[in-house]
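Below is one structure, written out as structure tokens, with a few remarks after it.
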Amino acid sequence: MRAAALYGTAGSLVLTALVASPAGSAQPRLGRSELHGTAVAAQRAAAEGIRFGNCSQEQDTPGSLQCGTVEVPLDYAHPEGKKIKLTVSRVKATGKNGKRPVPRQGSLVFNPGGPGASGMYFPLIGMIPEWKRIAAAYDLVGYAPRGVGRSAPLSCQDPKQLLKGPSQSPTYPSESYKEERIAGAKAYARGCVERSGREIRHFSSLNNARDLDVLRAALGERKLTFMGASYGTYFASLYATLFPSHVRRMVFDSAVNPDPEKVWYRNNLDQSAAFEGRWADFRAWMAKHDKVYGLGRTPEEVLRSYERARARLAAEPAGGKVGPGQLQSAFLQAGYYDDYWPHRAQALSAYLKGDPQPLIRQAGPYPEGVEERENGKAVYTAIECNDAPWPRAWHTWDRDNTRLARVAPFETWDNVWMNLPCAYWPLSRQRPLDVRTSPGELPPTLILAAERDAATPYTGALELHRRLSDSVLVTEQASGSHGIGGGSNECVNRYLDAYLLEGKLPARRATCAPHKEPGPGAPR
């Protein structure tokens with residue numbers, strides 16, 4: 001499931017079911033050996049703690065941010081075997097809200113999602129006004145999960161491959177184009193094992209959940225206070241199922257659907273369907289501001305402007321760098337966050353009027369951070385492919401996504417190409433854990449969701465709410481930004497603060513009006 005940093009339902013559309021696990025799939029590793037291994041590693045981490053000190057010069061961080069490492073087993077079935085180190089960051093609780101002293105409540109650990117995203121810079125968020133009350137009471141803790149950054153990093157291809165461009169992005173790909181992408185997916189899956197070794201099979205959501213318990217112990221916390229966004233909500237839900245008695249407070253922001261039948265193939269189908277609705281929202285916004293952008297007075301006219309730009313870029317890439325693939329990727333980001341809307345609309349407007357520079361700046365491939373992007377893609381692929389059964393037959397992918405693209409063409413095929421290596425993954429797959437807690441087994445938890453979120457469709461929040469007893473769901477209505485906690489919606493932030501600072505929650509469900517949509521900017 002593609003997530004931002006990089007990332008409705010299908011309605012009446014009938015999609016192919018995954019009726020059986022492919023050969024070589026494995027049951028979730030929930031046996032006594034893994035549970036014992038986690039306990040051993042957590043006990044060891046509690047004794048050793050984390051030696052926080054200055055971050056490295058390469059990380060370019062302010063002095064308030066401290067860094068350290070925690071050691072975890074590569075394979076929890078063998079806790080005395082090979083170890084890997086996860087990098088951890090922290091900013092200590094300020095202890096005051098204005099001039100008023102605030103008692104410390106421990107550590108708040110955060111994960112931003114992905115899979116493949118790092119939370120190392122998260123603790124600096126305490127400088128933002130919306131987070132200052134929480135930063136007063138908690139040490140803010142971020143970390144790079146296994147495989148990410150310096151935490152036993154994974155790689156699947158030469159990072160320079162990501163600089164190749166421009167690329168095409170056909171809405172309705174030809175058979176020859178599909179064959180080309182299939183060959184690329186096979187090569188990428190092989191490359192993951194060739195560059196990272198067969199140990200890559202230990203990079204999974206279940207092990208991310210186990211790592212989280214070791215991190216809790218290393219921080220000296222008897223119980224975990226955690227906030228996860230996007231994919232971070234998925235392995236947090238695994239944690240809640242595996243270690244419910246270790247949870248103090250837990251926030252699920254923009255929840256992934258944890259239904260085992262959805263992880264991960266069907267979740268991606270649902271995501272592609274939902275992005276069509278969000279793309280319609282963005283086009284309606286551009287049409288409303290036609291006097292500024294001149295892209296069309298209706299969503300349909302805006303779509304024609306966008307397709308005109310795609311055709312022009314296919315014939316002559318902007319600056320030799322930006323083709324239809326780069327355009328689509330840039331506009332996909334606008335499906336995650338409406339903060340992008342004015343910038344993307346400006347760039348599209350300027351390009352169609354003869355100035356390609358804003359579009360090149362926003363969509364062009366750049367060498368800065370290319371290693372980080374390649375690493376993130378590798379971790380994403382390894383975790384999603386290891387986590388669950390995927391259809392191995394191209395016919396299944398082709399049939400389901402051809403049907404879906406008839407009603408949701410915006411993201412469908414690009415989502416296929418992102419995930420297709422999992423069809424050819426050369427290692428065994430797990431079966432997803434059935435996330436579920438009984439009444440009283442887990443402390444009350446908070447789920448935050450935007451009603452029109454495309455990256456993690458709202459049905460996922462409803463499903464998680466149903467599966468976690470004593471959870472509370474707060475919905476931002478008629479809004480679609482991805483990751484809403486600590487953002488621009490004061491109503492959402494009041495619920496977040498009340499829960500993290502006082503342990504207070506509303507009844508089973510609550511709603512907030514949408515945040516203010518962005519205003520237009522004049523094209524440059």
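The figures that follow rest on heavy atoms only: side chains count, while hydrogens, waters and symmetry mates do not.
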Check this for me: E372, atom CD, are more than 12 non-hydrogen atoms of other residues, nucleotides or ligands nearer than 6.0 Å?
no
Interatomic distance, K377 atom NZ to C192 atom SG [nearest 0.5 angstrom]
9.0 Å
No-hydrogen, no-angle side-chain donor-acceptor test under 3.5 Å, N415 and S272:
yes
I'd like to know if D497 and R494 make a salt bridge, using a cut-off of under 4.0 Å between side-chain N and carboxylate O.
no
Checking R361 against Y366: charged group under 6.0 Å from the ring centre and within 45 degrees of the axis?
no
I'd like to know if the side chain of S118 reaches the main chain of M120, judged simply by a donor and an acceptor atom lying under 3.5 Å from each other, with no hydrogens or angles considered.
yes
Does E374 reach the main-chain N or O of D158 with its side chain, forming a donor-acceptor pair under 3.5 Å?
no
Is the shortest side-chain heavy-atom distance between F410 and T171 below 4.5 Å?
no
Are the side chain of N489 and the backbone N or O of V492 linked by a donor-acceptor pair below 3.5 Å?
yes
For W413 together with Y172, are the ring centres under 6.0 Å from each other?
no
Just so I know, are the side chains of E384 and W390 near enough to count as touching, which here means a heavy-atom distance under 4.5 Å?
yes
Between C491 and T511, does the side chain to side chain contact (heavy atoms under 4.5 Å, CB included) criterion hold? Intermediate values first, please.
CA-CA 9 Å; C491 171; T511 58; over 6 Å; no
Could you tell me whether W417 and Y188 have their ring centroids closer than 6.0 angstrom?
no
Note, L140 side chain near F122 side chain (heavy atom, < 4.5 Å):
yes
Taken to the nearest 0.5 Å, the spacing of I200 CD1 from L74 CG works out to 11.0 Å
Greater than 12 external heavy atoms within 6.0 Å of E490's CD
no
Taking the side chain as everything from C-beta on, heavy atoms only, tell me whether W285 gets closer than 4.5 Å to P518.
yes
Side-chain heavy atoms of I484 within contact of L496, under 4.5 Å
no
So, do Y231 and P112 sit near enough that their side-chain heavy atoms are less than 4.5 Å apart?
no
Using a strict 4.0 Å threshold on nitrogen-to-oxygen distance, state whether K178 and E175 make a salt bridge.
yes
Straight-line distance of Y143 OH to L86 CG, nearest 0.5 Å
8.0 Å
What one should report as the nearest heavy-atom pair of R392 and L427 is NH2-O, 4.4 Å
Flag, side chain of Q326 to backbone of S167, donor-acceptor distance under 3.5 Å:
yes
Does the ring of W279 carry R283 above it, NZ/CZ under 6.0 angstrom from centre and within 45° of its axis?
yes
Do S237 and F252 have side chains that get closer than 4.5 Å, going by heavy atoms?
yes
Which of R344, Q362, H343 passes side chain to side chain donor-acceptor pair (under 3.5 Å) with Q333? Answer is R344
Is it the case that over 12 heavy atoms from other parts of the model lie below 6.0 angstrom from the CZ atom of R195?
yes
So, the side chain of E316 versus the backbone of L313: is there a donor-acceptor pair under 3.5 Å, distance only?
no
So F331 and W341, ring pair (Phe, Tyr, Trp, His ring centres under 6.0 Å) or not? Walk me through it.
CA-CA 9 Å; F331 273 73; W341 288 4; over 10 Å; no
Under 3.5 Å, is there a donor-acceptor pair between the side chain of S479 and the main chain of A450?
no
Which heavy atom in A209 sits nearest to a heavy atom in F235, and how many Å separate them?
CB-O, 3.7 Å
Any side-chain donor paired with an acceptor under 3.5 Å for N54 and Q66?
no
If you apply the rule side-chain hydrogen bond (donor to acceptor under 3.5 Å, both in side chains), what do you find for W131 with N493, and how did you get there?
CA-CA 9 Å; W131 283 86; N493 293 340; over 6 Å; no
Assess K288 against Y293: is NZ or CZ under 6.0 Å from the centre of the six-membered ring, and within 45 degrees of the ring's axis?
no
Least distance between heavy atoms, A334 atom then F282 atom:
CB-CE2, 3.7 Å
If only atom types and distance count, is the side chain of T233 paired as donor or acceptor with the main-chain N or O of S230 below 3.5 Å?
yes
Are R278 and D338 close enough for a salt bridge, meaning some N to O gap below 4.0 Å?
yes
In terms of the angle between their ring planes, are Y265 and W397 parallel, tilted or perpendicular, with boundaries placed at 30° and 60°?
perpendicular
Nearest 0.5 angstrom please: S174 OG to E179 CD, how far?
8.5 Å
Side chain of D355, backbone of Y351: donor and acceptor closer than 3.5 Å?
no
Do S205 and D387 get their side chains close enough for a donor-acceptor pair, meaning under 3.5 Å?
yes
Nearest 0.5 Å, what's the CG-CZ distance between L420 and R181?
8.5 Å
Pairwise distance CD(E517) to OG(S488) - rounded to 0.5 angstrom
12.0 Å
Is there a donor-acceptor contact under 3.5 Å from the side chain of R297 to the main chain of H289?
no
Check whether any side-chain N or O of S151 sits under 3.5 Å from a backbone N or O of G147 as a donor-acceptor pair, and report yes or no.
no
Could you go step by step and tell me if L462 and L473 meet the side chain to side chain contact (heavy atoms under 4.5 Å, CB included) rule?
CA-CA 8 Å; L462 295 173; L473 173 60; 3.7 Å; yes
Among T475, D453, N257, which one satisfies side chain to side chain donor-acceptor pair (under 3.5 Å) with Y458?
T475
Compare all side-chain heavy atoms of P145 with those of N111 and state whether any distance is below 4.5 angstrom.
yes
Check each of N268, D270, N267 against K262 using the side chain to side chain donor-acceptor pair (under 3.5 Å) test, and report the only one that passes.
D270
